[in-house]
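Owing to the predicted nature of the structure, the values given are computational and were not obtained by experimental measurement. Chain identifiers are assigned alphabetically (A, B, ...) following the order of the sequence lines, protein sequences preceding nucleic acid strands; residue numbering begins at 1 within each chain.
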Number of protein chains: 2
Amino acid sequence: MSRETAIPRRSLHDELVERLRGLIVEGDLAPGDKISEKELCTAYEVSRTPLREALKVLAHEGLVVLTPHRGAQVSKLTVADLEDAFPVIGALEALAGELACERATDGEISEITLLHLKMRTAWKNRDRAKYFRLNQQIHEALALAARNPVLDQMRGMLSGRVARARYYANISAVRWDQAMKEHEEIVAALKARDGGRLGRVLKAHLRHKLETLRAVIGD
Amino acid sequence: MSRETAIPRRSLHDELVERLRGLIVEGDLAPGDKISEKELCTAYEVSRTPLREALKVLAHEGLVVLTPHRGAQVSKLTVADLEDAFPVIGALEALAGELACERATDGEISEITLLHLKMRTAWKNRDRAKYFRLNQQIHEALALAARNPVLDQMRGMLSGRVARARYYANISAVRWDQAMKEHEEIVAALKARDGGRLGRVLKAHLRHKLETLRAVIGD
DNA sequence: ACTTTGCATTTTGAATGCAAAAAAGAATAC
DNA sequence: GTATTCTTTTTTGCATTCAAAATGCAAAGT
């Protein structure tokens with residue numbers, strides 16, 4: 001039996017949390033899917049104990065729903081969830097932006113600028129996948145530059161929870177252009193280290209993102 | 001086996017999460033304390049499996065630290081943690097305040113006003129414990145009135161993590177009076193349904209709270 | 001006396017086992 | 001043919017067991 005997929009070495013539940021989160025966020029496990037313990041156990045060749053521990057954590061994170069005696073399923077992503085989550089993400093990112101303006105090193109800022117330029121070319125080439133990935137990287141880098149682990153943890157949790165929505169949302173060309181423009185502003189504000197402005201821009205950016213989703217999913 | 005202290009009805013791990021969180025937040029388990037699985041198992045008359053599941057969740061929540069093969073301990077509350085957490089809580093509460101101004105029913109507002117009045121008398125009577133409890137209730141009620149479960153979850157997580165600090169902080173009379181004044185403003189802004197103002201006041205309130213803690217804990 | 005090494009004990013990580021609850025299926029009544 | 005109840009199977013929750021890592025201790029060496 002080939003052992004490629006076997007877990008390398010560290011605590012299994014920890015590894016499993018990461019892998020399962022990946023499966024969910026990447027859409028391999030779709031919202032609403034029932035999660036059979038047995039199935040995953042055989043898939044990853046682990047016993048039920050560490051798997052169950054991992055599921056508990058993911059449930060706490062909001063990615064799966066655990067109903068007693070009825071097992072786990074990937075949490076559905078309702079419009080209401082998005083409506084709730086986005087303002088919170090907006091507030092967190094705004095704070096991250098403010099802090100980043102104070103604390104980011106010049107190196108980090110040019111790093112983010114670089115990512116931004118790459119993203120701009122991806123946008124020009126209409127390369128959705130690459131654009132999306134770079135977009136995420138930029139927001140992560142921004143959160144990192146804020147040097148606030150707590151903030152980063154919260155943001156990561158929520159954005160992971162919401163990232164799945166991108167499979168619903170085939171962003172329109174118009175909105176895409178607008179988002180790109182907003183990103184130009186983001187970088188400009190960061191370079192100017194204007195925390196207040198960056199915070200406002202980020203908040204607006206997230207708000208527009210939600211509006212797009214709302215329109216696409218069809219409220 | 002005697003069943004009196006046994007957990008009533010629902011999944012054990014869930015119940016355990018709550019109880020252990022209580023122990024930690026209430027200070028019965030002090031920061032830095034080693035958590036022996038065996039000890040807790042006998043205390044609650046459960047086997048290690050659900051207990052371990054609970055510990056995983058709490059670790060994820062940041063209340064305990066899990067080191068592989070070395071067990072769990074109650075996470076310490078460093079000044080750095082507080083410095084990180086408070087701005088985030090501030091941002092979340094500010095958002096909660098803004099939303100509450102839009103969405104709270106008149107009933108909720110008068111409910112909060114009532115809590116506020118009770119808190120004021122507790123303050124007049126120098127009843128720290130009652131003041132603290134009412135203060136927490138007010139902030140919870142505010143978060144509830146925002147009608148955003150995601151926001152509420154995040155806020156609850158962080159404030160639980162930080163609430164333990166109150167055992168360090170013997171609030172000074174001066175700061176106490178200032179906090180009370182800020183609360184007057186909070187209620188005023190809420191009654192006026194002035195979201196922007198409430199947000200700013202809450203942010204400042206949290207900032208001052210942090211400054212107090214910083215002074216009390218040292219450095 | 002202090003450090004180091006080997007062994008025993010303890011404690012954790014993961015697997016298996018068992019009982020209860022739910023789901024699925026079969027048989028009967030209508 | 002449908003609905004209902006009863007049985008069978010599956011799945012989950014928890015306890016127990018097994019294995020490996022870590023800790024404590026004691027004896028030997030410096």
Chemist: Lys34(A) has an atom NZ; how far is it from atom C1' of dA23(C), in whole Å?
Modeler: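 The answer, rounded to whole Å, is 9 Å.
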
Chemist: Report the residue from Arg21(B), Lys56(B), Arg161(B) that forms a salt bridge (Lys or Arg N to Asp or Glu O under 4.0 Å) with Glu61(B).
Modeler: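 Answer after filtering Arg21(B), Lys56(B), Arg161(B): Arg21(B).
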
Chemist: Where along residues 47-62 of chain B does a heavy atom come under 4.0 Å from DNA chain C, residue by residue in number order?
Modeler: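 Contacting residues: Arg48(B), Arg52(B).
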
Chemist: Whole angstrom is fine here: how far is it from CD in Gln73(A) over to P in dA23(C)?
Modeler: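 Interatomic distance, CD of Gln73(A) to P of dA23(C): 12 Å.
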
Chemist: Please give, in whole Å, the distance from dT12(C) P to Leu40(B) CG?
Modeler: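 Atom CG in Leu40(B) sits about 10 Å away from atom P in dT12(C).
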
Chemist: Check this for me, if you would: do Glu98(A) and Arg193(A) make a salt bridge, where the nitrogen-to-carboxylate-oxygen distance has to be below 4.0 angstrom?
Modeler: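 No, Glu98(A) and Arg193(A) are not salt-bridged.
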
Chemist: Provide, to the nearest angstrom, the distance between the CZ atom belonging to Arg70(B) and the P atom belonging to dG13(C).
Modeler: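 Distance, rounded to whole Å: 11 Å.
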
Chemist: We want to know whether Arg164(B) and Ser75(B) form a side-chain donor-acceptor pair, criterion being a heavy-atom distance below 3.5 angstrom.
Modeler: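 Yes - a donor-acceptor pair under 3.5 Å links their side chains.
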
Chemist: Would you mind reading off the distance between Leu66(A) atom CG and dA21(C) atom P, rounded to a whole angstrom?
Modeler: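 One finds 18 Å between P of dA21(C) and CG of Leu66(A), rounded.
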
Chemist: Has the side chain of Asp81(B) got a donor or acceptor atom that lies under 3.5 Å from a matching backbone atom of Thr78(B)?
Modeler: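 Yes; at least one donor-acceptor contact below 3.5 Å.
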
Chemist: Is the His60(B) ring parallel, tilted or perpendicular to the His60(A) ring (thresholds 30°, 60°)?
Modeler: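 Plane angle over 60°, so perpendicular.
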
Chemist: Hey, are Glu108(B) and Arg103(B) close enough for a salt bridge, meaning a charged N less than 4.0 Å from a carboxylate O?
Modeler: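 Judged by the 4.0 Å cut-off on N to carboxylate O distance, Glu108(B) and Arg103(B) do not form a salt bridge.
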
Chemist: What class does the angle between the rings of His116(A) and His183(A) fall in, given that below 30° is parallel, 30 to 60° is tilted and above 60° is perpendicular?
Modeler: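 Aromatic pair His116(A)/His183(A) classed parallel.
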
Chemist: Anything under 4.0 Å to a heavy atom of chain A counts; send over the first and last such nucleotide of DNA chain D, read 5' to 3'.
Modeler: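 Endpoints of the contacted stretch of DNA chain D: dT11(D) to dG13(D).
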
Chemist: From the options dA15(C), dA22(C), dT11(C), select the nucleotide whose nearest atom is closest to the side chain of His69(A).
Modeler: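 Side chain of His69(A) sits closest to dA22(C).
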
Chemist: So if I apply the salt bridge (Lys or Arg N to Asp or Glu O under 4.0 Å) rule between Glu182(B) and each of Arg207(B), Arg175(B), Lys203(B), which one comes out positive?
Modeler: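 Going through the options one by one, the only one that passes is Arg175(B).
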
